[in-house]
Amino acid sequence: MMNDLVSAILEKPNAKIIVEKVNRELEAELTKRQAFYEMIDQDTKAEFVNGEVLFHSPVKKRHNDAAGHLYNLLKPFSSLMKLGYVGFDKILVSLTRNDYEPDVCFFRQEKAKDFKADQMIFPIPDLAVEVLSSNEQHDRVTKFEDYQEHGVQEYWIIDPAAKSVEQYILKEGKFELILKSTEGHIECRVVEGFRIPISAIFDETANLEALMQLLQE
C-alpha cells in the first residue's frame with residue numbers, strides 16, 4: 001500500500017511540490033504534537049491521530065470487562081515467566097506520526113528492561129489489543145494500518161458485543177488473520193505459552209478458572 005502511494009505521487013509532474021507541501025504540513029503538525037504532550041497527564045485519556053487530538057469518552061461495562069479480563073490473565077502470566085511488560089488502558093505508545101493508547105499491550109523484555117517508573121510515553125509494542133467501541137473504524141482501519149506499518153508483531157481486535165476475537169500476525173510486513181472466533185482457545189504468538197479460552201475474555205467465572213490454570217502451569 002505504501003509503495004503504491006509513493007508510485008502514484010512520483011507519476012505526477014508536480015511530485016516535488018506535493019512532497020514539499022506535505023513536509024510543511026507535517027512540520028506544523030509537530031508543534032501540535034508537542035502541545036499534546038504538554039497537555040496530557042495521567043488523568044487524561046487521549047490520542048494524537050493524524051494531527052488531531054482525540055479524547056476518549058467513557059466506555060460501556062462490557063468494553064471495560066473485556067479489557068480488564070484479558071489484562072488480569074496476561075499480567076500475572078508475563079510477570080511469573082519474566083517475559084516483559086503488560087500495559088493497560090492509559091499506556092501511550094508513540095509511533096512516527098501518531099500516539100495511541102491500546103486497551104492492552106505487551107512489550108518484550110528487551111524493550112521493557114529500559115522502562116522508567118515515571119515514564120509516560122512508550123515505544124512500539126510487540127502486541128497491541130483494541131476492544132471495539134463506537135469508533136470501530138479507528139481500530140479496524142487507522143490503527144490497523146499504523147500498527148502494521150510500524151512492525152507490531154501481533155494485533156488482537158476484541159468485539160465485546162459479539163464476544164469474538166480476531167487475531168492478526170505480522171507476516172512479510174502485512175497483518176494476516178489467523179483466528180476469528182467466539183469459542184475455543186486463542187494462543188498468543190508474541191507471549192510464548194499464553195493460551196486461554198476465548199470465553200475467559202468475556203465471562204468472569206471462565207476468567208478466574210483460566211487464571212488458576214495459568215498459575216498452576
Side-chain angles (χ1 to χ4, degrees), residues 26-59 63-131 133 138-139 142-158 168-170 175 188-194 196 201 207 211 214-215:
L26 289 175
E27 288 174 6
E29 189 177 286
L30 284 176
T31 302
K32 289 184 181 180
R33 195 176 188 185
Q34 187 57 46
F36 168 73
Y37 291 149
E38 295 171 359
M39 173 199 71
I40 58 172
D41 56 34
Q42 57 186 343
D43 296 320
T44 303
K45 185 169 177 61
E47 297 179 320
F48 189 83
V49 183
N50 297 342
E52 300 296 331
V53 178
L54 301 181
F55 292 97
H56 291 271
S57 58
V59 297
H63 181 290
N64 189 68
D65 287 348
H69 286 156
L70 178 58
Y71 177 78
N72 288 343
L73 297 175
L74 186 56
K75 172 63 175 176
F77 180 82
S78 174
S79 296
L80 282 172
M81 304 301 291
K82 295 181 171 53
L83 298 175
Y85 182 76
V86 181
F88 179 65
D89 193 28
K90 290 183 180 178
I91 293 290
L92 188 70
V93 299
S94 182
L95 279 59
T96 53
R97 185 183 181 192
N98 297 327
D99 300 280
Y100 301 119
E101 292 186 330
D103 290 298
V104 180
C105 58
F106 171 79
F107 305 86
R108 286 192 173 106
Q109 191 60 33
E110 51 262 36
K111 293 181 184 177
K113 64 182 177 57
D114 295 322
F115 291 172
K116 304 294 187 291
D118 59 351
Q119 186 168 335
M120 286 185 62
I121 301 175
F122 293 81
I124 298 166
D126 297 293
L127 165 70
V129 180
E130 298 290 353
V131 180
S133 56
H138 187 48
D139 296 326
T142 307
K143 287 187 177 182
F144 186 98
E145 293 177 356
D146 222 357
Y147 287 151
Q148 177 178 263
E149 292 297 330
H150 285 83
V152 173
Q153 295 299 301
E154 188 167 348
Y155 184 35
W156 292 13
I157 297 179
I158 296 175
Y168 297 87
I169 300 297
L170 193 69
F175 277 144
C188 187
R189 301 292 182 86
V190 165
V191 185
E192 185 177 353
F194 186 71
I196 59 171
I201 299 173
N207 185 266
L211 177 59
L214 284 172
L215 295 180

Distance-only, no hydrogens or angles: does the Gln153 side chain make a donor-acceptor pair with backbone N or O of Gly151 under 3.5 Å? yes
Between OH on residue Tyr37 and CZ on residue Phe48, distance to nearest 0.5 Å: 8.0 Å
Nearest heavy atoms of Asp114 and Lys116, plus distance in Å: O-NZ, 3.0 Å
Check the orientation of Phe122 and Phe115. Use parallel for under 30°, tilted for 30 to 60°, and perpendicular for over 60°. perpendicular
Under the side chain to side chain contact (heavy atoms under 4.5 Å, CB included) rule, what do Val152 and Leu170 come out as? Steps first, then yes or no, please. CA-CA 7 Å; Val152 173; Leu170 193 69; over 6 Å; no
Please confirm whether the backbone N or O of Asp139 pairs with a side-chain atom of Glu130, one donor and one acceptor, at under 3.5 Å? no
Quick check on Gln109: does its CD atom have over 12 non-hydrogen neighbours (other residues, nucleotides or ligands) under 6.0 Å away? yes
Nearest 0.5 Å please: distance from the CZ atom of Phe106 over to the SG atom of Cys188. 7.5 Å
Looking only at heavy atoms, the pair that brings Asp99 and Ser94 closest together is OD1-OG, 3.0 Å
For Val93 and Ile124, what are the C-alpha separation, side-chain angles and deciding distance, and is it a side chain to side chain contact (heavy atoms under 4.5 Å, CB included)? CA-CA 6 Å; Val93 299; Ile124 298 166; over 6 Å; no
How long is the gap from CG on Leu211 to NE2 on His69, to the nearest 0.5 Å? 11.0 Å
Val129 and side-chain contact (heavy atoms from CB on, under 4.5 Å): which partner among Leu74, Ile158, Ile201? Ile158
Between Leu70 and Ile196, is the side chain to side chain contact (heavy atoms under 4.5 Å, CB included) condition met? List the steps. CA-CA 9 Å; Leu70 178 58; Ile196 59 171; 4.0 Å; yes
Parallel, tilted or perpendicular for Phe144 and Tyr168, by the 30°/60° rule? perpendicular
Evaluate Met120 against Lys90 for side chain to side chain contact (heavy atoms under 4.5 Å, CB included), listing each step before the verdict. CA-CA 9 Å; Met120 286 185 62; Lys90 290 183 180 178; over 6 Å; no
Of the non-hydrogen atoms in Arg189 and Ile169, which two are nearest, and what is the gap between them? CG-CD1, 3.4 Å
Hey, can you pull the donor-acceptor pairs under 3.5 Å for the side chains in residues 77-89, sequence neighbours left out?
unit_1 : atom_1 : unit_2 : atom_2 : d
Ser78  : OG     : Gly84  : N      : 3.4
Ser78  : OG     : Gly84  : O      : 3.1
Ser79  : OG     : Lys75  : O      : 3.0
Asp89  : OD1    : Lys45  : NZ     : 3.3

With no hydrogens and no angle check, is any side-chain donor or acceptor of Asp103 less than 3.5 Å from a backbone partner on Val131? yes
d(Glu101 CD, Lys143 NZ) to nearest 0.5 Å is 8.0 Å
Between Glu149 and Arg97, is there a side-chain N and carboxylate O pair less than 4.0 Å apart? no
Taking all non-hydrogen atoms of both residues into account, name the closest pair between Phe55 and Ala46 and its distance. CD2-CB, 3.8 Å
Heavy-atom check, side chain of Phe194 versus side chain of Leu127, under 4.5 Å: no
Closest non-hydrogen atoms of Leu95 and Arg33, given as atom of the first, atom of the second and distance, are O-NH2, 2.7 Å
Can you check whether Leu54's main-chain N or O pairs, donor with acceptor, with Glu47's side chain at less than 3.5 Å? no
